[in-house]
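In what follows, chains are A, B, ... by sequence order, proteins preceding strands, each numbered from 1.
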Amino acid sequence: MPELPEVETTRLGLSRLVKEKKIVEVIVRQRNLRWPIENGFEDQLRGNTFTKLSRRGKYLLFHSKRGRMMVHLGMSGSLRVVSSRSNIRKHDHVDICFDDSSVLRYHDPRRFGSFFWLAPKQIHRLLKNLGPEPLSKHFDGNYLYEIAKRRKVAVKTLIMNSSIVVGVGNIYANEALFLSGIRPDRLSSSISKQRYKGLVSQIKRVLNSSIRSGGTTLRDFVREDGQPGYFKQRLFVYGRGELGCKNCKKLLQETRINNRSTFFCSRCQT
DNA sequence: CGACACACCTGGATGC
DNA sequence: TGCATCCAGGTGTGTC
């Protein structure tokens, strides 16, 4: 999936294309996503209009007068706006059709994504335990250090825990640890406050930088217009297992932490 | 409470 | 060509 930059890229791109249009039809071809799409979901949308598109972590929230549609893209989901209802591909699970004949179309081969309808003021249970936004001022070195010193996990596992901070997935966790010179397998409680300040600023930097490039496309992520993101070319470690460190040329190490691919330079990261 | 394995699902790459 | 195996951007749930 989509990590935070890809979700934000989707939000920015979709916003003007879905707002202030009347929804005339909703077609759900596959209800069995990560959680089944509830019966009645379509009825909440039909005749409705999106007024605003926001994001919490990796969840997109489509606001309307009657409530909000909450969407998660899972590992392989993407949303785009197409000009007509035709040309349906395999794994196009949801169509939201507007009165100008454009269609907001959800595509997701692995079906780890999800769609929910939220009543006004309802806070979904999946949003209740989320940590701060990584790009907000609430996420800083002091905050992360205070949590880290009480935990006994690898620092990479720490920053990928959405109850501590949202939006840092496997790609950007690898990148931010490289940029701040911290080995991903270091025990969270063994790292100084100063180094956490550096880590936090690199997390913010890499996420912002990727949003500006339209996110990272590895295989199937596409933006709202069907174009890939261009941040892949600027990755320092993720997916570069056989290659040398871009900084010192030493061969990168590849390992697994929490069963996720992990890349680092044993010279530049300590 | 924290740590961790496992679950959900398809498709692409790789190896025999 | 076919089949088995492994791996992939996430994260909630259950168990200890």
Side-chain angles (χ1 to χ4, degrees), chain A residues 1-11 29-37 55-60 70-79 89-94 106-116 124-131 134 146-177 184-185 187-189 203 206-207 210-211 213-223 228-242 254-263:
Chain A
M1 150 170 162
E3 298 192 27
L4 185 142
E6 293 72 49
V7 178
E8 183 64 8
T9 294
T10 299
R11 187 186 76 80
R29 299 183 192 84
Q30 170 60 273
R31 309 195 87 81
N32 292 319
L33 303 183
R34 171 90 201 255
W35 287 280
I37 298 178
R55 178 184 61 71
R56 176 73 176 101
K58 296 173 189 164
Y59 291 95
L60 286 167
M70 179 169 110
V71 180
H72 195 291
L73 303 177
M75 288 277 262
S76 57
S78 58
L79 280 169
R89 301 167 298 170
K90 198 177 180 184
H91 308 304
D92 283 344
H93 304 314
V94 180
Y106 180 68
H107 178 85
D108 185 2
R110 292 179 72 181
R111 288 194 269 134
F112 286 172
S114 51
F115 278 68
F116 296 97
H124 196 273
R125 64 182 180 88
L126 297 176
L127 300 178
K128 283 184 178 156
N129 286 330
L130 296 180
E146 287 302 317
I147 291 175
K149 71 183 185 186
R150 293 184 259 119
R151 302 271 184 144
K152 294 217 171 337
V153 287
V155 60
K156 178 163 179 268
T157 305
L158 184 86
I159 61 174
M160 290 181 69
N161 182 335
S162 64
S163 69
I164 295 171
V165 58
V166 297
V168 183
N170 199 36
I171 297 177
Y172 302 108
N174 276 291
E175 294 299 306
L177 287 162
D185 56 359
L187 193 65
S188 64
S189 57
I203 289 172
V206 75
L207 293 177
S210 181
I211 291 168
S213 296
T216 301
T217 294
L218 295 183
R219 42 188 71 78
D220 44 19
F221 172 72
V222 287
R223 299 157 43 142
Y230 293 103
F231 196 69
K232 182 173 192 283
Q233 299 138 318
R234 297 171 44 196
L235 296 175
F236 281 90
V237 288
Y238 184 86
R240 300 189 67 256
E242 307 288 295
E254 182 170 357
T255 179
R256 294 188 82 77
I257 292 177
N258 246 5
N259 212 26
R260 308 300 297 276
S261 298
T262 303
F263 305 87

- Message: Work out how far the P atom of dC9(B) is from that of dT13(C), and round it to whole angstrom.
- Response: 15 Å

- Message: With a 4.0 Å limit, can you tell me whether K58(A) has a side-chain N or O closer than that to the phosphate oxygens OP1/OP2 of dT11(C)?
- Response: yes

- Item | N/O donor-acceptor pair under 3.5 Å between Q30(A) side chain and N32(A) backbone | yes

- Message: In whole Å, I'd like the distance from the CZ atom of F116(A) to the C1' atom of dG12(C).
- Response: 10 Å

- Item | Distance test, side-chain N/O of K90(A) to OP1/OP2 of dT10(B), below 4.0 Å | no

- Message: Suppose we screen for side chain to side chain contact (heavy atoms under 4.5 Å, CB included). Which residues come up paired with L218(A), at least two apart in sequence or across chains?
- Response: I171(A), T216(A), K232(A), Y238(A)

- Query: Checking all strands, does F231(A) fall into the base, sugar-phosphate, or nothing category for heavy-atom contacts under 4.0 angstrom?
  - Reply: nothing

- For R150(A), which contact category applies under a 4.0 Å heavy-atom criterion: base, sugar-phosphate, or nothing? nothing

- Query: Starting at CG of N129(A) and ending at C1' of dG2(B), how long is that distance when rounded to a whole Å?
  - Reply: 14 Å

- How do E254(A) and G167(A) order along DNA chain C: which one's closest nucleotide is nearer the 5' end? E254(A)

- Message: Taking the side chain as everything from C-beta on, heavy atoms only, tell me whether M70(A) gets closer than 4.5 Å to L127(A).
- Response: yes

- Query: If you check every side-chain atom of P109(A), which of dG11(B), dC4(B), dG12(C) has the closest atom?
  - Reply: dG11(B)

- Can you sort out the partners of H107(A) under side chain to side chain contact (heavy atoms under 4.5 Å, CB included), two or more places apart, ordered by chain and number? S78(A), R89(A), H91(A), D92(A), P109(A)

- Under the side chain to side chain contact (heavy atoms under 4.5 Å, CB included) test, residues paired with P134(A) that sit two or more places apart: L4(A), F139(A), V165(A), V166(A), I203(A), L207(A)

- Hey, does L33(A) reach any base, or is it just sugar-phosphate, or nothing, if we go heavy atoms under 4.0 Å? nothing

- Note on the structure: Looking only at dT13(C), dC9(B), dG9(C), the nucleotide nearest the P2(A) side chain is dG9(C)

- Query: Contact class for R260(A) vs. all strands (heavy atom < 4.0 Å): base, sugar-phosphate, or nothing?
  - Reply: base

- Partners of Y59(A) by side chain to side chain donor-acceptor pair (under 3.5 Å), sequence neighbours excluded? none

- Query: Does S213(A) have any side chain to side chain donor-acceptor pair (under 3.5 Å) partners at least two apart in sequence or in another chain, and if so, which?
  - Reply: R234(A)

- Item | Under 3.5 Å: donor-acceptor pair, side chain of N174(A), backbone of F263(A) | yes

- Would you say H72(A) reaches dT11(C)'s phosphate, i.e. side-chain N/O to OP1/OP2 under 4.0 Å? yes

Check the interface with nucleotides 3-5 of chain C: list each N/O to N/O pair with the protein under 3.5 Å, or write none.
none

- Of the listed dG10(C), dG11(B), dG9(C), the closest approach to the M160(A) side chain comes from dG10(C)

- Establish, with yes or no, whether the OP1 or OP2 oxygen of dG11(B) is under 4.0 angstrom from a side-chain nitrogen or oxygen of H91(A). yes

- Query: Between atom CD in E242(A) and atom P in dC7(C), what is the gap in whole Å?
  - Reply: 14 Å

- Query: Quick one: is Y172(A) getting a side-chain N or O under 4.0 Å of the dG9(C) phosphate, OP1 or OP2?
  - Reply: no

- Side chain of R111(A) - closest among dG9(C), dG12(C), dC9(B): dC9(B)

- K156(A) NZ to dA3(B) P, in whole Å, measures 16 Å

- Whether E254(A) side chain and E242(A) backbone form a donor-acceptor pair below 3.5 Å: no

- Query: Partners of N259(A) by side chain to side chain donor-acceptor pair (under 3.5 Å), sequence neighbours excluded?
  - Reply: R256(A)

Please list each protein N or O that sits under 3.5 Å from an N or O in nucleotides 5-7 of chain B, with the distance.
none

- Strand DNA chain B in bracket notation, Watson-Crick/G-U under 3.5 Å with | for pairs to another chain: .|||||||.|||||||

- What's the CE-C1' distance between M70(A) and dG12(C), to the nearest Å? 12 Å

- Note on the structure: Side-chain atoms of M75(A) come closest, of dG12(C), dG9(C), dG2(B), to dG9(C)

- Could you say whether the aromatic ring of F112(A) and the base of dC9(B) stack, counting only centre distances under 5.5 Å and plane angles under 30°? no

- Query: Within this structure, what is the CG-to-P distance between N161(A) and dT11(C), rounded to whole angstrom?
  - Reply: 11 Å

- Task: Measure distances between side-chain N and O atoms of R110(A) and base N and O atoms of dC9(B), and say whether any donor-acceptor pair falls under 3.5 Å.
- Result: yes

- Any salt bridge (charged side-chain N to carboxylate O under 4.0 Å, His left out) involving residues 148-173 of chain A? Give me the pairs, sequence neighbours left out, ordered by first then second residue. E146(A)-K149(A)

- Task: Measure up the F231(A) and Y172(A) rings against each other and bin them: parallel (under 30°), tilted (30 to 60°), perpendicular (over 60°).
- Result: tilted

- Which part of the nucleic acid, if any, lies within reach of T157(A) when heavy atoms closer than 4.0 Å are counted: base, sugar-phosphate only, or nothing? nothing

- Task: Check side chain to side chain donor-acceptor pair (under 3.5 Å) between N258(A) and all other residues, then give those that pass, not counting sequence neighbours.
- Result: none

- Query: Which whole-number value in Å describes the distance from L60(A) CG to dG10(C) P?
  - Reply: 15 Å

- Note on the structure: To the nearest angstrom, the CG-C1' distance between L4(A) and dG9(C) comes to 12 Å

- Query: How would you list, by chain and number, every residue that makes a side chain to side chain contact (heavy atoms under 4.5 Å, CB included) with R11(A), sequence neighbours excluded?
  - Reply: E8(A), L53(A), R55(A), L60(A)

